[in-house]
Structure formats: structure tokens, C-alpha cells
Amino acid sequence: MLTTAAATAAAAEPASEPDAPRQQQLVRLVRQDCGSCHGMRLGGGLGPALTPQALADKPVDGLAATIFHGRPGTPMPPWRAMLDEGEARWIAERLLAGFPELPASR
Amino acid sequence: MKRRDLLAALALPPLAALVPGCAQTPALRGTGDLGLVVERAAGSVVVVDTSARAVLGRVGGLGDLSHASAVFSRDGRYAYVFGRDGGLTKVDLLERRIAGRVMQAGNSIGGAISADGTLVAAQNYTPGGIKVFDAATLALVADVPAEVAPGQRSRVVGLVDLPGRRFAYSLFDADAIWITDCSDPAAPKTTKLGGIGRQPYDALVTPDGRHYVAGLFGEDGLALVDLWAEPLRARKVLSGYGRGQEPLPVYKMPHLRGWAVAGRRAYLPAIGRHEVLVVDTESWQEVGRIAVAGQPVFVMARPDGRQVWVNFAVPDYDRVQVIDTLTQQVVQTFSPGKAVLHLEFTPRGDAVWISSRDDHRVSVVDTASFTTLATLAVDSPSGIFFTSRANRLGM
């Protein structure tokens, strides 16, 4: 699974896979900050659910674009001030696969 | 002493833990200086003592507490915690245990308790509407679906209690404000006000219970209902406060709940702006705006109204700013920790408790000197709720 995701990312966004510490930051950002609207367990809220089941029919490109550019007319803001396109795509891929949990804080 | 006697003596609890007469009787105490802090990632709450500035204990098993909030019974003993996953949990602050719990919806973002303390209402996204429970037993007593078309429900935001057994709330997907009278919970009566403005995202009721104000996400402006006037109607105030400027991306919805009314002025987050709007609560006209360090999330007045404290959305959420309401100036900016999510004043405002989610701590700050009086270790803290809310309208 990881190999497939990495290969897909490499094809679309060369050399943009976030490194391990950045991946940790992105997991925290999604769980905690996106979680304000989508729920920390990504079950939805003001924003839709972001579970693999809920996103099953959504293409990864569209998800990555929504994360990066936002969705005008809805509360979904563009996150481009805090992410690059490769990172948005990495998040989209992880959402489709089942998003990583936050490490236990203590 | 024989060895066997010595072992028996050692096995006894320390003398300090024993109360004369009966080891099971805890020391008597009141609840006026108690509260709870939500540990959003762990699904638990910690019970705190605002006099001792200490954590008294932890109660777990409350489910998904992202965006959790709490209201209190009139005696301050029980907190009703609304979880994101639709869980409604009654927590006994004195015994620090769960006194009742129901899964009442699929997705929920808060609630209110009636003025007489008998009814607890939850506002739900899924299924859209409110549900009303007996505060003693958590038995469902009324279900009011926010049905806006056949089979179609709106998400509910901005639920507050009004004098009597009434609740006011806003329908994000229907541009409406509904007011439900639960005097007879078996036959709730709902007054529906439509066309209030696009996408209400949260609301407050003024401390006197007279005005219900809903913030609008879909346009620059607020919807206002004078609850003392008959018939009830909503009018728009502060229309076009952005004056055609491109709004900034909103990384977190501002919260209007809290005490953002000081004296005859209301202080409100301007959505999509790095500004706090100042509104005269007699005329409901804008009387000023104050530039702040980011997108305001909570704009909260100290109980005496002398200061307004503001925190911000990502990426400016390490900061807190304090506005002096006499001069309308920012008089203090500081960084209590990473990801400040919430502020709560002690009952008379001598101190404020601030949660820093990513530093896993709650800071207690003196509101006169701005010195940090204490820091408490709390796991991913978010909402802070003190029992003094039990005595306020609209909480």
C-alpha cells in the first residue's frame, strides 16, 4: 500500500513526499485543526466525513485540490498558506487509505 | 509490637485519609470553585479547583470530545458534556464519575440547560435538529427535527437557553432562527424566523436575555432578534462590514458563545477579518473595530466588562490579546503556549484559565498583572468550563 501511494505521489509531484517530521506535523494538523470542522475522528461536522468509506468515490486529485484551494461558497478554506501541493496530495492519499492516528501524547 | 500487628498497621490507609466516624465519607465541600477541562484527544475531562488552581481528578470514557462543550446543573454538582459523536454525558464533579450517559445523535456540537435546570437541550448536525432531555435522568422528553423540506434537515448551531423553558438556535443550512418553547415538553412550540441571512454559524444571547445575535458566514453581517418584542422578527445588523474587501480564508469558525458583551457594547469576531467589531447594544450600530493579531475565535469579556480577551485561529493561535474596553486599545499580547483553544474566567474575573492544546497545559493568568499564577498538565486541553456558568443565562 505504502509503495503504491509513494509511487503515485512520485509520478504526480516529483520529490515532494514530506519527510517524517513533517508527516507528523501534517497528521496533527489534520486530526486537530481540520478536526474542528470534520471531527477529530474525521466523522464529519460542519464539514463532511473524511473516512475512507465517505471518500471512496472521490479522486485523489480532486481531494488534493480541495485541500489546497478550498471550496468557494462553503466554509472549506484554502490551506495553501500552510501547505504545499505535494503535502496536500499526501494528505489526500492518506485520507483515502485511512488516516494515521495521532501518537499518544503521554 | 509483634510482627503480625506491625504488618496489619502498615496495611491501613494513612491516617490523613480517614475522616472521623466513617472512612467512606469525603470531606464536605461546595462546587462554586469547581470546573472541568476537556481533554479532547483522550475523550476525558479533568475536574479542577479554581481556588487551589489544581486538577482534582480525571473522568474518562466520554467519547469523541473534539468541539466538546459543557453546561452545569443549578447546584453546580453536575456537568453535562456534549461530545462531537452525539454522546451526552452527565459528570458528577464531586464524586468525579459518570452519573449518566446517552448517545443521542450521530454528530453534535453543543447544548444548553433551561433556566429552571430541568431540561438539557443538545444541538445536532446529524440528524439536524435539537433533542431535549430530562436533566435528572437524561430521558428524551422532546425531539425537534430541523426539517426544512420533506426529508431534509439542517445542521443546528448557536443553541442558547432563554428565560423560561425556551431555547433559541440557528439553522446553518436554512438561513433561519428557531425558538422552541418547552414549557410543556410533550408539546414543544416552535417559532420559525426565516430569511435571516446566509449561513448562520454561531450565536449568543445578551446577558439580560433580550437579544439573540447570530453571526453569518455567508455574508458580512449579523442577524438580530429582540426577544422582548412581539411579534418576533429577525433583522440584519452590521451589513457589509467588510465593504467589498476580499475576506481572508477562515481556518476556524469563530465562536460567539461566551460573554462578549461588556457594558453597552458587544465585541464580536469579524469573520474573514483580523478585527474585532464593536457594536452598541442600544442601537446595534457599529461603533468601532479593533485590529487584532489574527482571526479571532473567542472574544470574551472579563465578568466585570473591563477587559476583552481574544484568541485566534491557526496559524496565529499561540497568541492571546487583551483589549481595554475603556480605551478600545489592545493593551497586552502574549503567548501562553501552542494552540490556544479556549479561555475561561474565574467567577469574578480575578484570573483567566487558558488551554494550550499542543503544549498540553492550562495556564492560570492574573487578569490585573498578567502574571502566570500556575500551569497545570492536561492532555490536549480544549474547552474550559467553570460552574459559575450554572448561574448565567444563555450558557
> Any side-chain heavy atom of A:D33 sitting closer than 4.5 Å to one from B:Y317?
yes
> So for B:R198, is it side chain, backbone, both, or neither that comes closer than 4.5 Å to the heavy atoms of chain A?
neither
> Hey, which of A:S36, A:G35, A:C34, A:P75 has the most heavy atom pairs under 4.5 Å with chain B?
A:P75
> With only heavy atoms counted, which part of B:N107 is less than 4.5 Å from chain A, the side chain, the backbone, both or neither?
side chain
> Please report the shortest heavy-atom distance between B:R155 and A:G47, naming the atom on each side.
NH1-N, 4.4 Å
> Between B:V314 and chain A, with a heavy-atom cut-off of 4.5 Å, which part of the residue counts as in contact: side chain, backbone, both or neither?
both
> Considering non-hydrogen atoms only, spot the tightest contact between A:L46 and B:Y125 and give its length.
N-CE1, 3.1 Å
> Using 0.5 Å steps for rounding, measure from the CG atom of B:L341 to the CD atom of A:Q32.
7.5 Å
> Rounded at 0.5 Å granularity, tell me how far CD1 in B:I109 sits from SG in A:C37.
9.0 Å
> What's the shortest heavy-atom distance between A:R41 and B:D85, and which atoms?
NH1-OD2, 4.3 Å
> To the nearest 0.5 Å, what is the distance between OG (B:S382) and CE (A:M40)?
8.0 Å
> What residue in B:H67, B:K252, B:Q199, B:R84 has the most heavy-atom pairs under 4.5 Å with chain A?
B:R84
> Would you mind telling me which of A:G70, A:G43, A:G45 has the largest number of heavy-atom pairs within less than 4.5 Å of chain B?
A:G45
> So, taking the atom named CG in B:D358 and the one named CZ in A:R28, what distance separates them when rounded to the nearest 0.5 Å?
4.0 Å
> Which bit of B:D173 is near chain A, if near means a heavy-atom gap under 4.5 Å: side chain, backbone, both or neither?
neither
> Report which part of B:Y251 has an atom under 4.5 Å of a heavy atom belonging to chain A: side chain, backbone, both, or neither.
both
> Does atom CZ of A:R22 have more than 12 heavy-atom neighbours from other groups under 6.0 Å away?
yes
